[in-house]
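Order of appearance sets the numbers: ligands from 1, and atoms from 1 within every ligand.
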Amino acid sequence: MRPSDLSQEQLSQLGFLSQLRHDNFIDGQPCPSRSSATTQVIDPATEMVVAEVPDSNAEDVDLAVASARRALHSPAWANMLPAERERLLYRLSVLIEEHGDELSALETLQSGKLRGIARMVDVAGGAALVRYMAGWATKLEGQTLQPSLAGPGDVQYRSFTQREPIGVVAAIVPWNFPLAIALWKMAPALAAGCTVVLKPSEETPLTALRLAQLVQQAGFPAGVFNVVCGRGHSAGAALASHPGIDKVSFTGSTAVGKAIGHAAVDHMTRMTLELGGKSPMIVLPDADVQQVAQGAAMGIFFNQGQVCTAASRLYIHRSLFEPVVQALAEIAAGMKIGSGFDAASQLGPVVSKRHFERVMQHIEAARQAGARIVTGGEPALGGGYFIRPTVLTEVHADMAIVREEVFGPVIVALPYDDIDEVVALANDSPYGLAASIWSHNLSAVHRLIPRIKAGTVWVNTHNMLDMALPLGGFKQSGYGHDLGRAAVESYTTLKSVCMAI
Ligand code: NAD
């Protein structure tokens, strides 16, 4: 069945969906799965099935890893000059932009996100990131070192380090920014000279499969980039524990990240883990009420709150508590909820029925535990997985709604009285991905930044990710980084050379 509410113009952009069934992409071409099991891709706005992809098994993963390993050692890739890798990545970025209408429509269809956000973040941001990483291909360097080694006789020593590609990379990504996060991993990996097997989320495989075609069209050798679809416990687990991979780069929940970490240690596979968050937003007494309310709304309702760095805990100085909560609730209550294809929509559906039920259960449990629902707290519209933007107060630091990642349009607001108290509250979390501070008191802000245990701290803004700024978590939010120089270097291994002359 096709989604019935798409316009002719929108459907015509989805030529990729002229067939319902899609194969994996291995060794430069579509590759039918060895498994007969499939997963369905469902439009969360209409609950209609839009595509079917393989639920791949270990044999499919073997094929993909073998393809990536062959490509890694093939003269076409292994001997390719860095400037040529840069050129191919640049060409890929152009193709992503040229196919931006189609890619953003696919992204909205499979994840429910607003089309404008898909265009701006996944497509334009993704293409910019690919260009940024293209530039790094020619700039990876080691150091010349002055050793203190002596003799025998008049022997002297020369030493230097060099960076080499780490090898075959398994990239396992979630459904909230399917194309963008796939690019965050594959672009630096290819810039560094690695090859990649990507496993997209079972909910959102379509842009990954389309990306594989564009990678081929850009001129990369076959096997350099492969896509294996399937569920986490089947395809994902087989890939993460495969002895043929040299690095696993994972973005997803902390629970799965830990399982992947355990599997990786068995083979000493290198890893980057970008995991969950429960990011605090700290409002100091001098902050501007309207600016904070707008910032909190963007911080939590952007992408339906399905953002690892979402501002899900709002700590407001008691002097501003009532006006900020009221202003935020007014913004939330006035948001237009609807399909991501409707340009007027400000909030789309969450990704799946399962996730919709999970978010609603969190809200219900909080209500039963004594939380006050200031606004929202219920489903919106008739069908589809829509949830009203929700603001909760009268919550306590030990409630699940304050401690656990909800990953939906749900924010808890708590008052505080002094700075030591808010530092303790903000840091009282197993997570440490991001935080924001809202104030124009420079001295207070600078004193606060080092006290916050989070990989990213924003000031008077939230959720602003930049391709040059490394993104990584403290504590159980993971380790290693996506984005920036730190990311591309994480796909290399450092070799030390010492020569007696
Ligand atoms: P998830 O952990 O359920 O799944 C992520 C990916 O892992 C999917 O492709 C899934 O199929 C796969 N997977 C699941 N079980 C697996 C297993 N046992 N072995 C190998 N792979 C397995 O997460 P999700 O629900 O898709 O995404 C939401 C989560 O992602 C949230 O926790 C969010 O905070 C996190 N996230 C983090 C960042 C970051 O940069 N830190 C960015 C985006 C999302």
* Asked: Cation-pi between Lys247 and Tyr491: NZ/CZ under 6.0 Å from ring centre and within 45° of the ring axis?
  ->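 Because its charged atom sits under 6.0 Å from the ring centre and within 45° of the axis, Lys247 does stack over Tyr491.
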Atoms of ligand 1 close to [X] [distance to a heavy atom under 4.0 angstrom, numbered from 1]:
X: Leu433; answer: 41 (N)
X: Leu471; answer: 40 (O)
X: Glu202; answer: 10 (C), 11 (O)

* Asked: Quick check: does any side chain N or O of His22 sit under 3.5 Å from a backbone N or O of Pro30, one acting as donor and the other as acceptor?
  ->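 No: the side chain of His22 does not pair with the backbone of Pro30.
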* Does Ala397 offer a backbone N or O that forms a donor-acceptor pair with the side chain of Arg403 under 3.5 Å? ->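 Yes, because the side chain of Arg403 sits within donor-acceptor range (under 3.5 Å) of the backbone of Ala397.
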* Listed by chain and number, what are the salt bridge (charged side-chain N to carboxylate O under 4.0 Å, His left out) partners of Asp23, not counting sequence neighbours? ->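 Expected list: none.
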* Only counting residues at least two apart or in another chain, list the ones meeting salt bridge (charged side-chain N to carboxylate O under 4.0 Å, His left out) with Arg85. =>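 Applying salt bridge (charged side-chain N to carboxylate O under 4.0 Å, His left out) to Arg85 gives none.
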* To do: Would you mind checking if Asp27 and Arg70 are paired as a salt bridge, meaning a charged N to carboxylate O distance below 4.0 Å?
  =>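 Result for this pair is yes, salt bridge flagged.
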* Taking only Lys NZ, Arg NE, NH1 and NH2, and the carboxylate oxygens of Asp or Glu, determine whether Arg34 and Asp62 approach each other closer than 4.0 Å. =>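 Salt bridge: no.
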* To do: Flag atom 9 (O) of ligand 1 as yes if some protein heavy-atom distance to it falls below 4.0 Å, otherwise no.
  =>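 Neighbour list for atom 9 (O) of ligand 1 includes protein heavy atoms (cut-off 4.0 Å).
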* Which of these passes side-chain contact (heavy atoms from CB on, under 4.5 Å) with Val412: Val391, Leu392, Leu314? ->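 Output: one option passes, namely Leu392.
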Shortest reach to [atom] by a heavy atom, considering only [options]:
atom: atom 20 (C) of ligand 1; options: Gly236, Ala263, Ala434; value: Gly236
atom: atom 6 (C) of ligand 1; options: Leu239, Val173, Thr39; value: Val173
atom: atom 5 (C) of ligand 1; options: Thr251, Val256, Ile260, Ile181; value: Thr251

Between [X] and ligand 1, find which residue part has any heavy-atom pair under 4.0 Å and reply side chain, backbone, both or neither.
X: His355; value: neither
X: Phe250; value: side chain
X: Pro200; value: backbone
X: Pro174; value: both
X: Val307; value: neither

